[in-house]
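Report on the following structure.
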Amino acid sequence: MPELAEVAFACSKWNSGLDKRVREAATLPTSRVYRESDHTEFSNLLTGKKLILAETHGKQMLFSFSGNIYLGIHLGMTGSLANEPATYEIQKYDALVLRQSECSLVFRDPRQFGRLRISCRTKPPPWWSDLPPSITENEFNLEIVEKAVIRHNRRPIKALLLDQNYFPGMGNWMADEVLWRAKLRPSRLAGTLDVNEIAYLYNQTLFVAKGAMKSVGIKGGDPPKGWLFHVRWKDGLLCPKTKLPLIRESIGGRTTCWSPSYQS
DNA sequence: ATACCTGTTTCCCG
DNA sequence: CCGGGAAACAGGTA
């Protein structure tokens with residue numbers, strides 16, 4: 001379930017491979033996650049290299065290796081990272097297996113919406129260093145939200161929140177959580193928000209991003225009690241604030257859960 | 001069997 | 001050229 005905090009937690013699964021060399025890199029050549037690159041590059045460049053750094057930016061992950069090798073991973077909808085025994089054999093949907101002395105670092109993705117990138121340069125590649133500030137960073141400010149709203153004034157605010165150019169890391173459940181706390185109807189066109197609503201939306205974005213990182217991002221569990229998260233996945237549940245029925249419908253092309261008695 | 005799905009890119013339309 | 005929305009991607013799960 002990879003958005004901001006789940007991605008951070010997934011990334012930490014490879015922490016035990018830090019400072020260790022890759023003895024062998026096995027790939028699944030037919031996997032669509034290699035659509036941007038040649039899968040042989042991954043085995044060629046990663047074999048023998050030491051994993052130095054594991055970090056995330058929004059939904060993107062970057063693994064830095066010795067020899068100026070940078071591995072980029074995006075989990076898509078169903079991608080996951082795992083830490084398996086050193087003797088682990090590659091399985092059906094394992095796109096990449098990095099065998100080390102004490103464990104195997106695995107990226108698997110049955111649905112293959114994820115994406116792998118690799119780069120050998122003295123600096124981090126542009127697909128990493130050129131990313132806009134993620135919603136957890138200090139550089140993510142009110143001005144970014146204001147500009148997005150002005151430029152995309154005809155978009156439902158739900159769809160705008162999911163735009164990774166402005167809100168890197170925001171995913172479907174987080175967007176619902178933010179809009180619920182900001183008391184905004186997800187279908188509201190961005191251009192109809194006044195300055196106070198925009199500022200409130202921005203503040204709730206910070207709150208949800210920080211809260212998710214503290215709970216989901218570190219422990220891998222669920223967000224705190226009382227969050228919309230716990231009642232958004234199926235029909236017929238009640239708004240935690242008003243105790244009145246929630247609605248689930250498609251907005252901006254995604255399943256959206258919201259509280260008509262609370263959000264306007 | 002059928003419908004639905006936590007993400008992004010591509011295609012089509014106005 | 002630009003913006004918005006649907007479709008497509010491919011398989012698991014209920």
Side-chain angles (χ1 to χ4, degrees), chain A residues 1-11 13 28-37 56-61 72-82 91-95 107-117 127-128 130-132 134-135 147-180 186-192 205 208-209 211-213 215-217 220-223 227-237 246-258:
Chain A
M1 34 173 107
E3 48 197 271
L4 184 87
E6 288 105 352
V7 172
F9 185 68
C11 183
K13 301 241 176 130
L28 179 65
T30 53
S31 176
R32 211 175 152 265
V33 303
Y34 292 105
R35 60 193 173 282
E36 282 185 15
S37 39
T56 68
H57 182 111
K59 298 174 193 174
Q60 312 277 341
M61 295 188 284
I73 300 184
H74 191 293
L75 297 174
M77 287 249 263
T78 53
S80 61
L81 296 192
Q91 301 292 308
K92 188 174 181 188
Y93 296 117
D94 295 345
F107 166 52
R108 79 176 51 104
D109 185 4
R111 229 171 141 184
Q112 306 170 51
F113 291 177
R115 183 176 51 218
L116 285 179
R117 291 168 160 146
W127 44 256
W128 174 260
D130 293 353
L131 293 170
S134 89
I135 52 178
K147 284 189 171 165
V149 164
I150 290 167
R151 177 158 177 183
H152 301 281
N153 61 337
R154 302 287 305 161
R155 258 206 238 179
I157 188 62
K158 167 74 186 267
L160 187 57
L161 280 182
L162 291 173
D163 190 330
Q164 301 299 296
N165 293 309
Y166 303 103
F167 301 91
M170 187 77 74
N172 202 29
W173 74 253
M174 287 185 76
D176 284 358
E177 189 77 44
V178 168
L179 291 169
W180 177 63
S187 57
R188 279 274 294 278
L189 296 190
T192 68
T205 299
V208 170
M213 288 299 276
S215 49
V216 182
D222 287 346
W227 282 38
L228 182 70
F229 177 92
H230 301 284
V231 291
R232 71 171 297 282
W233 304 98
K234 57 179 185 179
D235 293 337
L237 299 184
L246 295 163
I247 287 184
R248 295 176 80 239
E249 61 182 336
S250 182
I251 299 174
R254 312 297 304 279
T255 298
T256 299
C257 177
W258 63 288

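All heavy atoms count here, side chains included; hydrogens, waters and symmetry mates do not. Order of the sequence lines fixes the chain letters, A, B, ..., with proteins taken first and strands second; residue numbering starts at 1 for each chain.
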Which pairs, protein N/O on one side and nucleotides 12-14 of chain C N/O on the other, fall under 3.5 Å?
| unit_1 | atom_1 | unit_2 | atom_2 | d |
| --- | --- | --- | --- | --- |
| dG12(C) | OP1 | Tyr93(A) | OH | 3.2 |

task: Please report the C-alpha distance between Leu116(A) and Ile73(A) in whole Å, then the side-chain angles of each, then the deciding distance to 0.1 Å, and finally whether the side chain to side chain contact (heavy atoms under 4.5 Å, CB included) criterion is met.
output: CA-CA 5 Å; Leu116(A) 285 179; Ile73(A) 300 184; 3.4 Å; yes
task: Take Asp222(A) and Trp227(A) through the test side chain to side chain contact (heavy atoms under 4.5 Å, CB included) and record every step on the way to the result.
output: CA-CA 10 Å; Asp222(A) 287 346; Trp227(A) 282 38; over 6 Å; no
- request: Could you give me the CA-CA distance, side-chain angles and deciding distance for Met174(A) and Phe167(A), then say whether side chain to side chain contact (heavy atoms under 4.5 Å, CB included) is met?
  value: CA-CA 11 Å; Met174(A) 287 185 76; Phe167(A) 301 91; over 6 Å; no
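For Glu249(A) and dC5(B), the CD to P distance is 12 Å, given to the nearest whole Å. For the pair Ile251(A) CD1 and dA6(C) P, the interatomic distance rounds to 12 Å; values are reported in whole Å. Regarding Glu6(A), its CD atom lies at a distance of 16 Å from the P atom of dC5(B), rounded to whole Å. Taking atom CZ of Arg151(A) as the reference point, atom C1' of dC2(C) lies 8 Å away to the nearest angstrom. The distance from atom CG of Asp109(A) to atom P of dC5(B) is 19 Å, rounded to the nearest whole Å. Atom CG in Leu160(A) sits roughly 12 Å away from atom P in dG3(C) (whole-Å rounding).
Glu6(A) and Trp173(A) form a side-chain donor-acceptor contact under 3.5 Å, judged by distance and modelled atom types alone.
With hydrogens and angles disregarded, no donor-acceptor distance shorter than 3.5 Å links the side chain of His74(A) to the backbone of Val33(A). The backbone N or O of Gly76(A) lies less than 3.5 Å from no partner atom in the side chain of Lys59(A), so there is not a single donor-acceptor pair. When atom types are taken as modelled, the side chain of Arg248(A) and the backbone of Trp233(A) share a donor-acceptor pair closer than 3.5 angstrom. Between the side chain of Tyr34(A) and the backbone N or O of Ala95(A) there is at least one donor-acceptor pair closer than 3.5 Å.
One finds a side-chain N or O of Arg155(A) lying less than 4.0 angstrom from the OP1 or OP2 phosphate oxygen of dG4(C).
Screening Asp176(A), Thr255(A), Thr256(A) for a side chain to side chain donor-acceptor pair (under 3.5 Å) with Arg232(A), the sole residue that qualifies is Asp176(A).
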message: For DNA chain B, please output the secondary structure as dot-bracket, reading 5' to 3'. Pairs are Watson-Crick or G-U wobble, both atom distances under 3.5 Å; mark crossing pairs with [ ], other-strand partners with |, unpaired with a dot.
response: .||||.||||||||
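A distance of 6.0 Å separates CZ of Arg254(A) from CG of Leu162(A), quoted to the nearest 0.5 Å. Annotation: the span from Phe107(A) atom CZ to Met61(A) atom CE amounts to 7.0 Å, rounded to 0.5 Å.
Distance check on atom C1': dA1(B) versus dC9(C) gives 22 Å, rounded to whole Å.
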statement: Per-nucleotide protein contact along nucleotides 7-14 of chain B, 5' to 3', at a 4.0 Å heavy-atom cut-off (B base, S sugar-phosphate only, - neither), is BSS-----
